[in-house]
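Take a look at the structure below.
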Amino acid sequence: MSNTRLRFAPAPTGSLHLGSARTALFNWLAARGLGGELILRIEDTNAELSKPELIDNIYRSLDWLQIEFDGEPVRQSERTDLYNDAVEQWLSDDLAYVDDGAVRFRVPTEGVTSWYDLVRGNVSFENEHIEDFVVRRADGTATFFTANAVDDFELGITHVVRGEDLINVTPKVLMLRRALGASDTPEFAHLPLIVNEQRKKLSKRRDDVALESYRERGVLAPAMINYLALLGWGPPDDIEVRPIEEIISLFELTDVNPSSAMFDLKKLEAINAEYIRAMSPEDFSHALTPWIKEESWGAVVGADELLKVAPLIQERTKVLSEGPAQLDFFFLTNPEFDEAAWTKVMRSDEAPLILSAVKTAVAEVKWDSTALHEMLRSIGEQHGMKLGKAQAPLRVAITGRSVGPPLFESMQFLGRETVVQRITAAQQKLDTNKPIDSP
RNA sequence: GCCCCCAUCGUCUAGCGGCCUAGGACACUGGCCUUUCACGCCAGCAGCACGGGUUCGAAUCCCGUUGGGGGUGCCA
């Protein structure tokens, strides 16, 4: 039986922060790799942080990422007696004293407090630079230091994996741990910070740090996990996009890079796109459904219909939220013409010719994408145009845009009648716009 | 100010004294493929912050400089 035990200890301050998510992930990876336990400890040391909705948000985010914990979550709000006992003990041992109603810990004025950090090597602080810090507030509640030290000790935590922003609280916590009677020191691993383009720690104010918002944009959980794992760590074989099981078996805390890592949305999206492409059409279509349902035209779209068109955009989709804009023309009765696309391709002399030729041919042609393909190829040829050029006006007529999913497959789905209607609509717009002095 | 941490392509990283004329990925550029876009493929651009050591040999070890970041609450 293993005695290894790690913990992820978020403070419920709103939507789970990207940095917290990465910390949770690394704790999980380390715990799995070490064959140890991982517990979730909610640091809700004050009533403000104890709100059910904030706690739920943490559960929901962790659940989405599929990071699993052992046992029931530990709530610091339910352990105040433990913290109080510890403070009382320090007081009676004269390791702490009362100051303005609060209790401060006596920090030695000499010596150093140090530890060997799994990601940074030796880190040491001279005690003379550490002030007598508060362990219990005047209102009687325990501070972060106390709760942290008591819980890590009582819970038998062997590995503390957390952000580098907490590196300077470590000596304090170590002192308290000793004052608690502990003779051992847990392993520490201080993870590099995740920073923005300005190289500043990701913050709620400046940056989009809510894990939730990436989920809402249509980032897949496995892709998010995969990307987060790459922030501060890299596989030795250079294969970055891979199943979580492989990441678990390759991951080592001692391999974590100590320097801060910039959050790169482009790379996240590239990885997400790769995960999307790897999905089965059924899974992709299913995953896309919530985004479709949000559209005014989406409510009536059936699962079977969606499954027919979703594969046409699958390899063109980086995040699921891009789905509706790519598919709307399939379901809108009168999709609008994009003006830029219209002026780009419809002003040519050939455009009206292509349109009318297609409209005629379409009445007869066998209704499948291969036949439609051949039809347009031959019409284009008659006008001395390559297929790439000939499809442009037709695409704008039918989809309203100059780019989109494969045209003939799209036409096949829309059906003969709709295709004729849309070509007619485009012809009318062409006539309306025609300059008066034109022949 | 003081304390602590960090320093390989624009970005994320591999490298842990010779295999490095530094590898991969994202981004970017060019080309091929092609019904647009995308995918895929090929090619290209681009980096060991600087200065001293140590060593036969340093991206790799040590020191310093510079630069960046974090912390400095009776927040966590």
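Here is the naming used below: chain letters follow the sequence lines, and residue numbers restart at 1 for every chain. As the structure is a computational prediction, the values presented were derived from the model and not from experiment.
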Select base, sugar-phosphate, or nothing to describe what A:Gln326 touches, counting heavy atoms under 4.0 Å on all strands. nothing
With a 4.5 Å cut-off on side-chain heavy atoms, are A:Pro393 and A:Glu350 touching? no
Integer-rounded Å distance: B:rU34 P and A:Phe408 CZ: 14 Å
Counting side-chain heavy atoms from CB outward, which of B:rA76, B:rU36, B:rC74 is closest to A:Ala11? B:rA76
Between B:rA46 and B:rG10, how far is it from one C1' atom to the other, in whole Å? 8 Å
Roughly how many Å is it from CD in A:Glu409 to C1' in B:rU36, rounded to a whole number? 12 Å
For B:rG44, the nucleotide meeting Watson-Crick or G-U wobble distances (both under 3.5 Å) is B:rC28
A:Leu202 has an atom CG; how far is it from atom P of B:rG70, in whole Å? 11 Å
Here the distance between atom C1' of B:rC75 and atom CZ of A:Arg205, to the nearest Å, is 16 Å
Taking only residues two or more places apart in sequence or in another chain, which ones pass side chain to side chain donor-acceptor pair (under 3.5 Å) with A:Arg215? none
Within the 4.0 Å heavy-atom criterion, would you say A:Ala138 contacts the bases, only the backbone, or no part of the nucleic acid? base
Base, sugar-phosphate, or nothing for A:Arg136, non-hydrogen atoms under 4.0 angstrom? nothing
Quick one: closest heavy-atom pair of A:Asp152 and A:Val160, and the distance? OD2-CG2, 3.8 Å
Look at all strands and tell whether A:Lys386 reaches a base, only sugar-phosphate, or nothing, counting heavy atoms closer than 4.0 Å. nothing
Rounded to the nearest angstrom, tell me the gap between atom CG in A:Leu166 and atom P in B:rG70. 14 Å
Could you measure between the two C1' atoms, the one in B:rG47 and the one in B:rG52, and give it in whole Å? 23 Å
Distance check: side-chain N/O of A:Arg104 vs OP1/OP2 of B:rC74, anything under 4.0 Å? yes
Give the B/S/- string for nucleotides 1-14 of chain B, one per nucleotide from 5' to 3', where a protein heavy atom under 4.0 Å of the base yields B, of only the sugar-phosphate yields S, and otherwise -. --SSBSS---SBSS
Complementary nucleotide of B:rG64, counting Watson-Crick and G-U pairs under 3.5 Å: B:rC50
Mate of B:rC2 across any strand shown (Watson-Crick or G-U wobble, both atom pairs under 3.5 Å) is B:rG71
Pick the C1' atom in B:rC32 and in B:rA22, then give their distance to the nearest Å. 29 Å
Under 4.0 Å between any heavy atoms, over every strand shown, what does A:Thr317 touch: base, sugar-phosphate, or nothing? Just pick one. nothing
CD (A:Glu53) with more than 12 external heavy atoms under 6.0 Å: yes
Work out how far the P atom of B:rG44 is from that of B:rC50, and round it to whole angstrom. 26 Å
Considering only atom C1', compute the distance from B:rC48 to B:rC6 and round it to an integer number of Å. 15 Å
To the nearest angstrom, the CD1-P distance between A:Ile271 and B:rG24 comes to 17 Å
For the residue pair A:Arg217 and A:Val319, what are the closest heavy atoms and their distance? O-CB, 3.2 Å
Crowding at CZ, A:Arg347 (>12 non-hydrogen neighbours, <6.0 Å): no
Within the 4.0 Å heavy-atom criterion, would you say A:Leu268 contacts the bases, only the backbone, or no part of the nucleic acid? nothing
May I ask you to say what A:Gly388 touches in the nucleic acid, namely base, sugar-phosphate or nothing, with a heavy-atom cut-off under 4.0 Å? sugar-phosphate
May I have the distance from A:Lys201 (atom NZ) to B:rG68 (atom P), rounded to whole angstrom? 19 Å
How is A:Asp99 classified with respect to the nucleic acid when contacts are heavy atoms under 4.0 Å: base, sugar-phosphate, or nothing? base
Between A:Leu193 and A:Ile239, the residue closer to the 5' end of RNA chain B by nearest nucleotide is A:Ile239
If B:rU36 has a Watson-Crick or G-U wobble mate with both distances under 3.5 Å, name it; if not, just say none. none
Gap between atom CE of A:Met411 and atom CD of A:Gln391 - 0.5 Å precision: 10.5 Å
Work out how far the P atom of B:rC20 is from that of B:rG15, and round it to whole angstrom. 15 Å
Presence of donor-acceptor pair under 3.5 Å, side chain of A:Arg316 and base of B:rC37: yes
Checking side-chain polar atoms at under 3.5 Å, does A:Gln326 have a donor or acceptor matched by the opposite partner on A:Thr317? yes
Work out how far the P atom of B:rA25 is from that of B:rU72, and round it to whole angstrom. 41 Å
In terms of the angle between their ring planes, are A:Phe413 and A:Phe331 parallel, tilted or perpendicular, with boundaries placed at 30° and 60°? perpendicular
Among B:rA76, B:rG40, B:rU35, find the nucleotide with the atom closest to the side chain of A:Glu43. B:rA76
Integer angstrom distance from the C1' of B:rA7 to that of B:rC12: 15 Å
Name of the residue among A:Asp151, A:Asn148, A:Thr45 meeting side chain to side chain donor-acceptor pair (under 3.5 Å) with A:Gln76: A:Asp151
Between B:rG24 atom P and A:Arg242 atom CZ, what is the distance in whole Å? 17 Å
By the Watson-Crick or G-U definition, both distances under 3.5 Å, B:rA59 is matched with none
